[in-house]
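Throughout, protein chains are lettered first and strands after them, A, B, ... in sequence-line order, and every chain is numbered starting at 1.
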Amino acid sequence: MNKYIVSIPLESSFSFTECLWFLNRNFDDCLHTIYSDRVRKPLFINGKLILTDIFQKSDQLFIEIISGDFDESDAPLIQEYISEWFDLNRDITPFYRLLSKDPRFSYMNQEFAGLRLIGIPDLFEALCWGIIGQQINLTFAYKLKRRLVEKYGTHMTFENEEYHIFPTCEALARVDPEELRAMQFSAKKAEYLIGLAGIFVKKKLSKEILTALPDFLSRQKALTSVKGIGIWTANYALMKSLKEQSCIPYGDAGLMQALFSHQVIETKKDTQPINRFFRDFAGWESYLVFYLWRSLAKK
DNA sequence: CTCCAGGGCAAAT
DNA sequence: ATTTGCCATGGA
């Protein structure tokens, strides 16, 4: 087949290297593969599977379609997906001005320069990932995700490697909870995931429905009314999928750890000063949370 | 061995 | 209204 390439112009405050580093940090994510200077990811676009290689050249991000049935009319959706994934449509220089005002965080300006809030454009995937990750350590969470994806997701093969897509809600809705139990999901998580899938199948919830709601609070409420989605998962999904800018995932163990190590709080369970602390970062709470998570990863 | 990880729910105060 | 017990597993 011919090689198709889609491109997206970049601003100077973007670092592909930092984004790749985050995607590749300490964990085994089954939904993308990092090579030295590019990331390979399968996408489900207009009902078709395509495999993409994403890399930077000067001031543009290139998406090369290396396999699958692609035509020109797919380009806008691909651009949209990648832009959301890497949060390309945002000027983050105001955030850096806020960071530089606080001696505890000003180092992030240089160390993480150009890192964008890496998203999960698909809302169903973001919510499932949130539920999977509840309470357990991330190594185990990624292991569970891999089992789920490899069993119920679709995949494509390229040069003897398999590239996986997150399962659709239709596929998960018909799973027997006992199957997930056998894969070491807790009984509750199995029930939550299958229940959530059913809600998506019935179109009672979708990214479009959520986006159409009038404000942050009503979106939060729509999510927390679902069994298995509490305030943490709701805010996590709103941050990662809808790119809401003022999400504080209350109760997050990693956030508390990072606030402790940056001397914002005295002990890891000291939840009181959080709201007051975040007031100085109004409009950039999500970004600060993301950068604090980034600070937890070991070089 | 115990404790705790990118929580949430239902039952018990 | 707020707190407590439980969940699944693995690494520290």
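Here B:dC9 presents its P atom at 13 Å from CH2 of A:Trp232, a figure rounded to the nearest Å. The distance from atom CG of A:Leu127 to atom P of B:dG8 is 11 Å, rounded to the nearest whole Å. Spacing between atom NZ of A:Lys269 and atom C1' of B:dA5 amounts to 17 Å, rounded to whole angstrom units. In this entry the distance linking CD of A:Gln272 with P of C:dT2 reads 11 Å, nearest Å. Distance, A:Leu255 CG to B:dA5 P: 12 Å, rounded to whole Å.
Between A:Phe105 and A:Phe281, the ring-plane angle classifies as perpendicular under the 30° and 60° cut-offs. Using bins of under 30°, 30° to 60° and over 60° for the plane-to-plane angle, the ring pair A:Phe166/A:Phe124 lands in the perpendicular bin. Ring pair A:Phe112/A:Tyr291 is perpendicular by interplanar angle, where above 60° counts as perpendicular and below 30° as parallel. The aromatic rings of A:Tyr287 and A:Phe95 lie tilted to each other, with the angle between the two planes from 30° to 60°.
Using a 4.0 Å heavy-atom cutoff across all strands shown, A:Val289 reaches no nucleic acid atom at all. Within the 4.0 angstrom heavy-atom criterion, only backbone atoms of the sugar-phosphate kind lie near A:Ile231; the bases stay farther away. Residue contacts shown for A:Ile229 are limited to sugar-phosphate atoms, with no base heavy atom under 4.0 Å away. Across all strands, A:Lys268 comes closer than 4.0 Å only to sugar-phosphate atoms, never to a base (heavy-atom distances).
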Practice problem: Produce a footprint string for nucleotides 7-12 of chain C: one letter per nucleotide, 5' end first; B if the base is under 4.0 Å from any protein heavy atom, S if only the sugar-phosphate is, - if neither. | Solution: SBBB--
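In this structure, A:Glu84 does not pair ionically with A:Lys240, as no charged nitrogen and carboxylate oxygen lie closer than 4.0 Å.
Between the P atoms of C:dT2 and B:dA5, the separation comes to 24 Å (whole Å). Spacing of P atoms, B:dG8 relative to C:dG10, comes out at 23 Å, to the nearest Å.
Judged by the 6.0 Å and 45° rule, A:Arg294 forms a cation-pi pair with A:Trp21. Seen from the ring of A:Trp85, A:Lys41 counts as a face-on cation partner, given the 6.0 Å and 45° thresholds.
Map A:Lys227 and A:Gly133 each onto its nearest nucleotide of DNA chain B; the residue landing nearer the 5' end is A:Gly133.
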